[in-house]
Structures are given as structure tokens and as C-alpha cells.
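This structure is a prediction, so every number in the text was calculated from the model and none was measured. Per chain, numbering begins at 1; letters A, B, ... match sequence-line order.
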Amino acid sequence: MPKRLTRSFFNRSVHEVAPDLIGVTLLFDGVGGRVVEVEAYHHTDPAAHSFRGPTDRNAVMFGPPGYAYVYRSYGIHWCVNFVCEAAGSASAVLIRAIEPTQGLPVMRRRRGLADVRLLCSGPGRLCEALRITDKQNGLALDRPPFELFARERAVEVVAGPRIGLTKAVDLPWRYGEKGSRFLSKPFRPPT
DNA sequence: TGCCCGATTAACT
DNA sequence: GTTAATCGGGCAA
């Protein structure tokens, strides 16, 4: 039986937590799968929502670690982050892609798609498949409806630049499972 | 109050 | 490769 992650998993540097999340199983109401792609954001990072200080929207990022920060992207999609480090450090990991393992029929229905590779391969896509919205903003990650299970086998993690940014575009703070078919975009192989 | 624009996605050419 | 969709946050005035 896989081991559940506790909230203390997140009470570390966001740059340790982010790669450690690859291979972790994330379920929401029993639906989800293995995390295969994430990005790290830190309050000193110009691309982070917390960079300019606390606001109504990013308040959860300034709270204690182990909670979900959900925001609206482009007025259309929802994206979910896991808050890390000590309260007030305002750092978080954006969950960008999941390899679906649990609840495939309901995810297909919500997404209106049959192709398993497109169900959760992107931050907006996975929130639609798991039905995560702003109603989940601020929820604890170690309590239902969230469930997190430690990885059961080793995974090979690769890093690269984050996606879709106009600031701090070169920081290599995107992490993913090497060779996964469920990434939102492939990682460029080292030259 | 007004204006610009984004941690995206899908549907184009 | 390019672009529309769509709207709240954040900042200037």
C-alpha cells in the first residue's frame, strides 16, 4: 500500500519539493494519477504571482505550506499549485501534467476527449479533468478530497525552462519525468 | 474608473 | 506557426 504524503513534505525549499513531486500520485475525489510535470515559483522570482507581495488572489501562497493555491488563467482555465516552504515565503509548485491512472471514464467525460494523452497534459487540462476550481483554493493537501501518495519506484527527473512566461524565461525550474508521454511539451534533450 | 495583459488551450493556416 | 477566446488582477490616473 503506498504511503500517504503528510503536510511536512511541503515544508522544504520549493526547489527540493518540485522534483520530488514527480512520480507522486495525486487524486482529487479519487480521480487523478501520477504527477509527471511541475514548475517551481518563488517569491523572489519575477514570474511568480507572489513577487509583488500579498493580494487577495495570491493570499494562500503567503500562508503555511501544504495547501492548494488555485488561480484563473487567461480568464478561462484553472491552474493548481502546492504551497511550499515556511509560511510567508510565498513559494509554490504549479502542477502541469499528470499521467492518468484513476477515474479515466469520468475524466474523458469532463474533457470531452477519448485520447488519454490529452486528458491531463497541461495545467488547465488537468484541473478540468479533476474538476479543480477556485472552490478548492486554500484546501489542505493531506485531507480529502485531496489525496497524495509517495512514489513507489524511482523516477528519472529532468529539468528545463518554464513554459508560457515573459519574465525570468531562462530559469530551469520546470521538472518532469524523463521520457513521459504525458508531458504538456517535451523537454529539450541536453545538447 | 480604465486599460493592459497573462504560470492556457484549441482551432485554425 | 498563428490566433481567438475570455475576464479578473494589478496598476496608472
Side-chain angles (χ1 to χ4, degrees), chain A residues 10 13-15 17-22 24 26 28 32-33 35-63 65 67-85 89-100 107-139 141 157-177 180-188:
Chain A
F10 298 97
S13 161
V14 71
H15 299 299
V17 176
D20 283 357
L21 277 169
I22 304 302
V24 165
L26 162 65
F28 184 79
V35 175
V36 296
E37 180 185 342
V38 301
E39 286 176 355
Y41 289 88
H42 192 266
H43 72 286
T44 58
D45 164 14
H49 289 173
S50 54
F51 181 67
R52 295 171 189 282
T55 65
D56 286 346
R57 176 175 69 150
N58 65 23
V60 175
M61 281 189 80
F62 286 82
Y67 290 82
Y69 164 51
V70 182
Y71 72 93
R72 183 82 116 160
S73 177
Y74 287 85
I76 306 168
H77 310 287
W78 299 107
C79 298
V80 63
N81 294 250
F82 295 169
V83 177
C84 294
E85 302 191 17
S89 76
S91 59
V93 177
L94 171 68
I95 309 302
R96 285 196 57 91
I98 289 173
E99 175 183 335
M107 287 195 279
R108 285 193 167 102
R109 202 177 320 130
R110 291 168 179 172
R111 293 270 298 121
L113 281 175
D115 186 349
V116 66
R117 289 180 59 168
L118 295 176
L119 287 184
C120 300
S121 296
R125 291 167 173 174
L126 75 89
C127 281
E128 183 174 46
L130 273 58
R131 196 162 281 172
I132 293 173
T133 71
D134 62 333
K135 288 179 183 165
Q136 281 70 46
N137 189 37
L139 289 191
L141 298 170
V157 177
V158 293
R162 295 173 293 182
I163 293 178
L165 304 185
T166 59
K167 299 167 188 165
V169 295
D170 293 327
L171 295 177
W173 291 351
R174 175 182 179 231
Y175 302 93
E177 181 176 20
S180 171
R181 307 189 318 279
F182 298 93
L183 301 173
S184 66
K185 284 184 183 174
F187 281 80
R188 190 176 177 181

For atom CD1 of I76(A) and atom P of dG8(C), their distance in whole Å: 12 Å
Can you tell me the distance, in whole Å, between the CD atom of E128(A) and the C1' atom of dT9(B)? 10 Å
Against the six-membered ring of F28(A), is R131(A) placed for a cation-pi contact (under 6.0 Å from the centre, within 45° of the normal)? no
Of the listed dT8(B), dG10(C), dC11(C), the closest approach to the C79(A) side chain comes from dT8(B)
Measure CG/D56(A) against C1'/dC11(C) and give the value in whole Å, please. 15 Å
Check the phosphate of dT8(B) against R96(A), side-chain N and O only, distance under 4.0 Å to OP1 or OP2. Yes or no? yes
Return whichever of L126(A) or K167(A) has its heavy-atom-nearest nucleotide of DNA chain B closer to the 5' end. K167(A)
Gap between atoms OH and P, on Y71(A) and dG10(C) respectively (whole Å): 13 Å
Between H77(A) and dT9(B), does any side-chain N or O lie under 4.0 Å from OP1 or OP2? no
DNA chain B in dot-bracket form (Watson-Crick or G-U pairs under 3.5 Å, [ ] crossing, | inter-strand) is ||||||.|||||.
Please check the phosphate of dG10(C) (OP1 and OP2 only) for any side-chain N or O of T55(A) closer than 4.0 Å. yes
Is there a side-chain polar atom (N or O) of R174(A) under 4.0 Å from OP1 or OP2 of dA7(B)? no
Side-chain atoms of R52(A) come closest, of dA7(B), dC11(C), dG10(C), to dC11(C)
Salt bridge between E128(A) and R111(A), side-chain N to carboxylate O under 4.0 Å? yes
Taking the side chain of Y41(A) as its heavy atoms from C-beta onward, which of dA7(B), dT8(B), dG10(C) lies nearest to it? dA7(B)
Separation of dT8(B) P from L118(A) CG (nearest whole Å): 16 Å
Would you mind checking if D134(A) and R57(A) are paired as a salt bridge, meaning a charged N to carboxylate O distance below 4.0 Å? no
For atom C1', what is the distance between dA7(B) and dG1(C), given to the nearest Å? 22 Å
Which of these passes side chain to side chain contact (heavy atoms under 4.5 Å, CB included) with V14(A): E85(A), H43(A), E39(A)? E85(A)
I need the CG-P distance between L113(A) and dT9(B), as an integer number of Å. 12 Å
Any idea how W173(A) and H15(A) line up, ring-wise: parallel (<30°), tilted (30 to 60°), or perpendicular (>60°)? tilted
When you check the phosphate oxygens OP1 and OP2 of dA10(B), does a side-chain N or O of R111(A) lie under 4.0 Å from one of them? yes
Name the residue closer to the 5' end of DNA chain B, choosing between R125(A) and L165(A) according to the nucleotide with the nearest heavy atom. L165(A)
Between E39(A) (CD) and dA7(B) (C1'), how many Å, whole number? 6 Å
The side chain of R57(A) is closest to which nucleotide in this list: dT8(B), dA10(B), dG9(C)? dG9(C)
Atom CD1 of I132(A) and atom C1' of dA7(B) are separated, to the nearest Å, by 16 Å
Would R162(A) and Y41(A) count as a cation-pi pair here, with the cationic atom under 6.0 angstrom from the ring centre and within 45° of the axis? yes
